[in-house]
Every structure is written in C-alpha cells, then in structure tokens.
2 protein chains.
Amino acid sequence: MQETDDRPLITGEHRELLDQLLDKWSLHVLDQLCEHGALRFNALRRLIPVITQKSLTATLRRLERNGMVERVVVSDRPVAVEYRIAPVGQGLQDLIDALLIWTTAHLPEVERARTRFDAAHDG
Amino acid sequence: MQETDDRPLITGEHRELLDQLLDKWSLHVLDQLCEHGALRFNALRRLIPVITQKSLTATLRRLERNGMVERVVVSDRPVAVEYRIAPVGQGLQDLIDALLIWTTAHLPEVERARTRFDAAHDG
DNA sequence: CCGCATCCTGCACGATACTG
DNA sequence: CAGTATCGTGCAGGATGCGG
C-alpha cells in the first residue's frame, strides 16, 4: 500500500503492446520457440495442436512485426521456413515464465477464492 | 535456447486465469488500488475515466471472485463500498509492474522492429 | 510445405436507461 | 452512491477451401 511512486504509468502504448504480446496464443508460441530454439511452421502446429492455422499465422506475423520472432526462409522447393526466437523475445519469455510460475503457485488459492465467492453469491 | 526443462507447462487453467487477470481493464484497476490502497466505486471511475461503468463493475467482480480484490461495504445510507487490494493481488501487481517496466524499456526497440517490418512488407 | 481469402459466429464491450 | 438490465455492434477467431 505504501507509495513507491516509481511505478510506471499505464499508457495506451503499454496496453497495445502487451495486448499483442500476451494474446491468446503468443505465450504458447514463444514458449515452444524458446524450448526448441527454431521451429518450422507445421512443427509448431503439431506442438500446439489446438491452434488454428490462421491463428498461428497471425500470431507469428504479430510476433515477427514486434521483433520477438525472426522468420527465416531456409529453402525453396519445397518451401521451408524457420521461426526463431529473437533476443528481445527471450527477455519477454522470462516475464511470461514468471507469470506462469506465479499462476501455478497461486492457482489453489484462487480456486478457493472462487469457491468462496460463488458460495457467497448463492447457487 | 538451452533446455531449462523446469519451465512450467501452459495449461488451460493458466490461460484462463491469466485471461481473467490481465484483461483489458484489470491492470488499470489493480494499479489504482495498489497506489491508493482502498477506493470507492466512483473514485475508481474518476481515476480511470475511459472505463465504462459496466466494465468497471465486471472487472471488479472478476478480480473479487479470483481473490485479488476485497469488496467492503463501509456504510449504508448513503451506500458506500470500498475496494481494497488483497495480499495475493499485490504479488500480481509486482508482476504487472515488471511487465510495464519491460514494456517501457523495450518500446523503442519494438517501434523500430515494426517500422522495419512494415517497410519490408511494402507500403 | 507454407500460407492467404472468405465466410460465419460468439462474445466482449460501449451506450443508454432504470433502481434501492 | 453503487450498481442491474437491455440492446446494438465490432471484431477476434474457428471452419473451410484455394494457391504458389
């Protein structure tokens, strides 16, 4: 509760960027790319089976545009494309990991809170 | 790129929770509550002018259900309700701060990446 | 193999009006 | 003051098919 006051302000820029980097699929893609270093398009699809091809394309484009991921054309005929995590993307990955670790640690607590809330608000 | 292998797996539970805690408005609400400790409903509205009353209600309910925020009825006639950040919510705030700090630090780099990308993809 | 184009649907969110 | 109720809508995202 005490004022630290050096907390960064939340601007539209922040939200916009975070929205692009923490969207529905980016976590999964960054996670897989960090774990494997480099992956082909269909390899990613196999590793994240629930993702739609359209969504995977969109996610990769967005991450690429923001500099989190590098797209490398390996060869033509047959076309082969590799996606690699960019250095700045690894920093982001650390933050995502922190979020996941926090989530994992507090899931039970949250679960209890939900049960309490739902009970208090009738059912 | 090296395998740490102790990276937490991303499950549906993780996504669901993060979706609820990092949604469009939660950051702002948590931020304000952390900064001020406790706030009334309309005080929050004034501090986050762009938020709709409906969205603020929904956000507070969601945060409350997940145990991040505590709702305290201070008095009746006139009705007064205070929202306070819960202890577990402060932990989350630290993570959000980390995200904002990272974002602030890397915004220029991201901006350059975008310009490069947009240029490369015609215009 | 790596995508883009199209159609379709749900739902998140805003606007507005009303209540204890 | 602190909400609930209802309606309208934009758009993210799934399903499907085609193209280099």
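Throughout, a chain's letter reflects where its sequence line sits, starting with A, and its residues are numbered from 1.
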Selection residues 95-116 of chain B - residue pairs positive for ring pair (Phe, Tyr, Trp, His ring centres under 6.0 Å), sequence neighbours left out: B:Trp102-B:His106

Listed once per pair and sorted, the salt bridge (Lys or Arg N to Asp or Glu O under 4.0 Å) pairs that draw on residues 15-29 of chain A, sequence neighbours left out: A:Arg15-A:Asp19, A:Glu16-B:Arg114, A:Asp23-A:Arg62

Whole-Å distance separating the CZ atom of A:Arg71 from the P atom of C:dC4: 8 Å

Closest nucleotide among D:dG20, D:dG3, C:dG20 to the B:Tyr83 side chain: D:dG3

Spacing between B:Leu60 atom CG and D:dG3 atom P, to the nearest angstrom: 8 Å

Touch class at under 4.0 angstrom, heavy-atom based, for B:Arg77 against every strand present: nothing

Among C:dG3, D:dG3, D:dG20, the one nearest B:Thr57 by side-chain distance: D:dG3

Shared hydrophobic cluster, A:Phe117 / B:Met68 (ILVMFWY, side-chain heavy atoms < 4.5 Å): no

Whole-Å gap separating P (C:dC13) and NE2 (B:His28): 12 Å

Angle of first-five versus last-five pair axes in the helix from C:dC1-D:dG20 to C:dG20-D:dC1, to 10 degrees: 50°

Among C:dC2, C:dG3, D:dA2, the nucleotide that comes nearest once only the side chain of B:Val81 is considered: D:dA2

Whole-Å distance separating the CZ atom of B:Arg45 from the C1' atom of D:dC1: 11 Å

Rounded distance (Å) that lies between atom C1' of D:dG19 and atom CZ of A:Phe41: 14 Å

Whole-Å gap separating C1' (D:dC11) and CG (A:Asp23): 14 Å

Gap between atoms CD and C1', on A:Glu64 and C:dG3 respectively (whole Å): 13 Å

A:Gln93 and A:Asp97: side chain donor to acceptor below 3.5 Å: yes

DNA chain C contacts made by residues 48-56 of chain A, counting heavy atoms under 4.0 Å: A:Gln53, A:Lys54

Side chain to side chain contact (heavy atoms under 4.5 Å, CB included) partner of A:Leu95, the single match among B:Ile101, B:Leu95, B:Thr103, B:Leu99: B:Leu99

Pair up each side-chain donor or acceptor in residues 38-58 of chain B with any protein partner under 3.5 Å, not counting sequence neighbours, and list the distances.
| from | atom 1 | to | atom 2 | distance (Å) |
| --- | --- | --- | --- | --- |
| B:Gln53 | NE2 | B:Thr57 | OG1 | 3.4 |
| B:Thr57 | OG1 | B:Gln53 | O | 2.9 |

Integer-rounded Å distance: C:dC13 P and B:Gln20 CD: 12 Å

Any residue meeting salt bridge (Lys or Arg N to Asp or Glu O under 4.0 Å) with B:Glu13, in chain and number order, not counting sequence neighbours: none

Minimum heavy-atom distance A:Gly67-A:Ala86, with the two atoms named: O-CB, 3.2 Å

Residues B:Glu109, B:Arg112: salt bridge by 4.0 Å N-O rule: no

Residue-phosphate contact under 4.0 Å: A:Arg40 side-chain N/O, C:dC2 OP1/OP2: yes

Residue mapping more 5' on DNA chain C - nearest nucleotide basis, A:Asn42 or B:Lys24: A:Asn42

